[in-house]
Student: 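One structure coming up, written as structure tokens, with questions to follow.
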There are 2 protein chains.
Amino acid sequence: MRKYLGALKSVPLFDGISEEDIQSLMTCLMAKVIHYEKNQSVLMYGDNTNHFGIVLSGNVQIIKEDYYGNRCIVARIEEGMLFAETFAFAGIKKLPVSVITTTESDLLFIDYRKLITSCTEACSFHSRIIYNMLHIVAMKNIILSQKIEFTSKRTTREKLLSYLWAEAQKAGCNTFTIPFNRQELADYLSVDRSAMSAELCKLRDDKMIKFNKNLFELL
Amino acid sequence: MRKYLGALKSVPLFDGISEEDIQSLMTCLMAKVIHYEKNQSVLMYGDNTNHFGIVLSGNVQIIKEDYYGNRCIVARIEEGMLFAETFAFAGIKKLPVSVITTTESDLLFIDYRKLITSCTEACSFHSRIIYNMLHIVAMKNIILSQKIEFTSKRTTREKLLSYLWAEAQKAGCNTFTIPFNRQELADYLSVDRSAMSAELCKLRDDKMIKFNKNLFELL
DNA sequence: TCCATTTGGTTGTAAATACAACAGACTTGT
DNA sequence: ACAAGTCTGTTGTATTTACAACCAAATGGA
């Protein structure tokens, strides 16, 4: 486990826990690391597991099959991030998604039941990790709610305005950069890229926004 | 606090905790009940609070103002349900929404920091309540993700099919009832009611579904 | 520097949607 | 039983969108 300490330190789930405490914690949680090659299956649709995962190195993708049988990428999980924790804590027994590696990866697995019961020594960092977990799940919640707020608008114009307004709020300034390129923004807002591009230019012509690449300004 | 015991027993956050333990818990968490009249403001946009709420009786609405200043109802919180817990645990200091009562209500308030630190007696039900809280927040997550899956489809037809397919899966049967009337379903899927109604009939004409009121069947 | 690739903007057209207005079936309260 | 209100389906039209195809500018290696 020691070789992974560097990676573990920067995992948000372990924020505020010292290196040595992380070591005890790994034992206390009976965490185990598994190494995967590229494109290996980590968890399969329908699997019954009580574990959630943490990406220590590499990348995994969350895959979902729609009712036509088309596979679609729900999310990409980067280093330090969790996966399948929502299903574990929501008590969903059969995984509704599959998880596969997109690169060679080291993944840490923890049984969610270990996390919510105090260990015998009632370690102080145990309550910290629970706080961190609640924080992470609640943040995901906020992010999902925001996306719904944008995409539930009827027109592309309204979707763009509500998104840009929220970004301006977050930046605390009318001038801000967005973390998406045009295609990614269109995917995020669930609209057509070219239609969105045209609408952005209309908004500019109407003197409601200015933009240059990823730098935007609300007028 | 005793007069609220009946209501407290059916709060999901206290699932699996006995009546007497709930009483100790209320003390341990320093929970307080406040009575509100109809249409009173409970929490205001911009408020800075560490508390989340539980509706013991009555109803509250979560209100958000969009960038035009229009007020819009984000959610209605019924008896037994929590509100503002997402913001508390996500560490969002300034509330981005307002909370108002829609009927005379009794609301219970708990400081989220009390919940994540074990009380001195390391009470066994404390870990249960944390488990329950993680479960509730994770479930909200699942529900939001599902909604995004439906609404991110491009056409009304696809939105309907993916929604109905998910309901059929949930019911474990091709015949099932949905918890919405037409207007509510349209709002949920972010489409126009009349257009959706027309599309439902098209799907029926195409022999893909049958329906009668809220009873649907996938063919 | 050159070439290949990515990214962003433009346009035309067919398709889908929102919106409004209306009618029939069904509920509800008096 | 009646009136008022609600719910659902239907239709026509103006608006909006998706999609495809294309071009120009920027980017990034080799």
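Per chain, numbering begins at 1; letters A, B, ... match sequence-line order. Owing to the predicted nature of the structure, the values given are computational and were not obtained by experimental measurement. The figures here come from the full heavy-atom set of this structure, side chains too, leaving out hydrogens, waters and symmetry mates.
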Student: Can you tell me how far P of D/dT8 sits from CG of B/Asn212, to the nearest Å?
Tutor: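 Value for this atom pair: 11 Å.
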Student: Answer with yes or no whether A/Ser194 presents, from its side chain, a donor or acceptor under 3.5 Å of a partner atom in the base of D/dA18.
Tutor: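 It does not, because no donor-acceptor pair links the side chain of A/Ser194 to the base of D/dA18 below 3.5 Å.
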Student: Expressed in angstrom and rounded to an integer, what is the separation of B/Asp187 atom CG from C/dT17 atom P?
Tutor: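 Those two atoms, CG and P, are 16 Å apart.
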Student: Taking the side chain of B/Thr156 as heavy atoms from C-beta outward, which of C/dT17, D/dT8, C/dG8 is closest to it?
Tutor: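 Selected nucleotide (nearest to the side chain): C/dT17.
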Student: So, A/Thr177 side chain and A/Leu215 main chain: donor-acceptor pair closer than 3.5 Å or not?
Tutor: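 Between the backbone of A/Leu215 and the side chain of A/Thr177 there is no qualifying donor-acceptor contact (under 3.5 Å).
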Student: Between C/dG8, D/dT10, C/dT17, which one does the side chain of B/Thr155 approach most closely?
Tutor: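 Closest of the options to the side chain of B/Thr155: C/dT17.
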Student: For the side chain of B/Arg204 and the base of D/dG9, is some donor closer than 3.5 Å to an acceptor across the two?
Tutor: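 For B/Arg204, whose side chain was compared with the base of D/dG9, there is no donor-acceptor pair (under 3.5 Å).
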Student: Heavy-atom nearest nucleotide on DNA chain C for A/Phe211 versus B/Arg193: which residue maps closer to 5'?
Tutor: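 Looking at DNA chain C, the more 5' nearest nucleotide goes with A/Phe211.
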Student: From CE of A/Met196 over to C1' of D/dA20, roughly how many Å is that when rounded to an integer?
Tutor: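 Distance, rounded to whole Å: 17 Å.
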Student: Rounded to whole angstroms, how far apart are CD on A/Glu199 and P on C/dT10?
Tutor: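 After rounding, the gap between these two atoms is 12 Å.
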Student: A/Gln183 has an atom CD; how far is it from atom P of C/dG9, in whole Å?
Tutor: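 That distance rounds to 12 Å.
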Student: Looking at B/Ser197 and B/Arg193, would you say the former's side chain and the latter's main chain have a donor-acceptor pair under 3.5 Å?
Tutor: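 Absent.
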Student: For D/dT27, does either OP1 or OP2 sit under 4.0 Å from a side-chain N or O belonging to A/Lys213?
Tutor: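 Indeed, a polar side-chain atom of A/Lys213 lies that close.
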Student: Is it the case that the side chain of B/Thr86 and the backbone of B/Ala84 share a donor-acceptor pair, with hydrogens and angles ignored and the cut-off at 3.5 Å?
Tutor: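 Flag not set: sc B/Thr86 to bb B/Ala84 has no pair under 3.5 Å.
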Student: Looking at D/dT10, D/dC19, C/dG9, which one has an atom nearest to any side-chain atom of B/Arg154?
Tutor: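 The listed nucleotide nearest to B/Arg154's side chain is D/dC19.
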Student: The side chain of B/Ala198 is closest to which nucleotide in this list: D/dA21, D/dT11, C/dC19?
Tutor: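 From the listed options, D/dT11 comes nearest.
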Student: Please report the distance, rounded to the nearest Å, between CD in A/Glu158 and C1' in C/dA18.
Tutor: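 Roughly 11 Å, once rounded to whole Å.
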Student: Send over the distance from A/Asp192 CG to C/dG8 P, rounded to a whole Å.
Tutor: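 Atom CG in A/Asp192 sits about 14 Å away from atom P in C/dG8.
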Student: Can you identify which nucleotide, out of C/dA18, C/dG8, D/dG9, has its nearest atom closest to the B/Ser197 side chain?
Tutor: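 Per side-chain heavy atoms of B/Ser197, the pick is D/dG9.
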Student: Just wondering, more than 12 heavy atoms not from A/Arg76 lying within 6.0 Å of its CZ?
Tutor: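 Counting neighbours around CZ of A/Arg76, 12 or fewer heavy atoms of other residues, nucleotides or ligands fall under 6.0 Å, so no.
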Student: Choose from D/dG9, D/dA18, D/dA20 the nucleotide whose nearest atom is closest to any side-chain atom of A/Val191.
Tutor: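 Of the options given, the side chain of A/Val191 lies nearest D/dA18.
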Student: Would you say B/Leu200 and B/Leu160 make side-chain contact, with heavy atoms under 4.5 Å?
Tutor: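 A side-chain contact under 4.5 Å exists here.
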Student: In whole angstroms, how far is the C1' atom of C/dT6 from the CG atom of A/Asn214?
Tutor: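 These atoms are roughly 14 Å apart.
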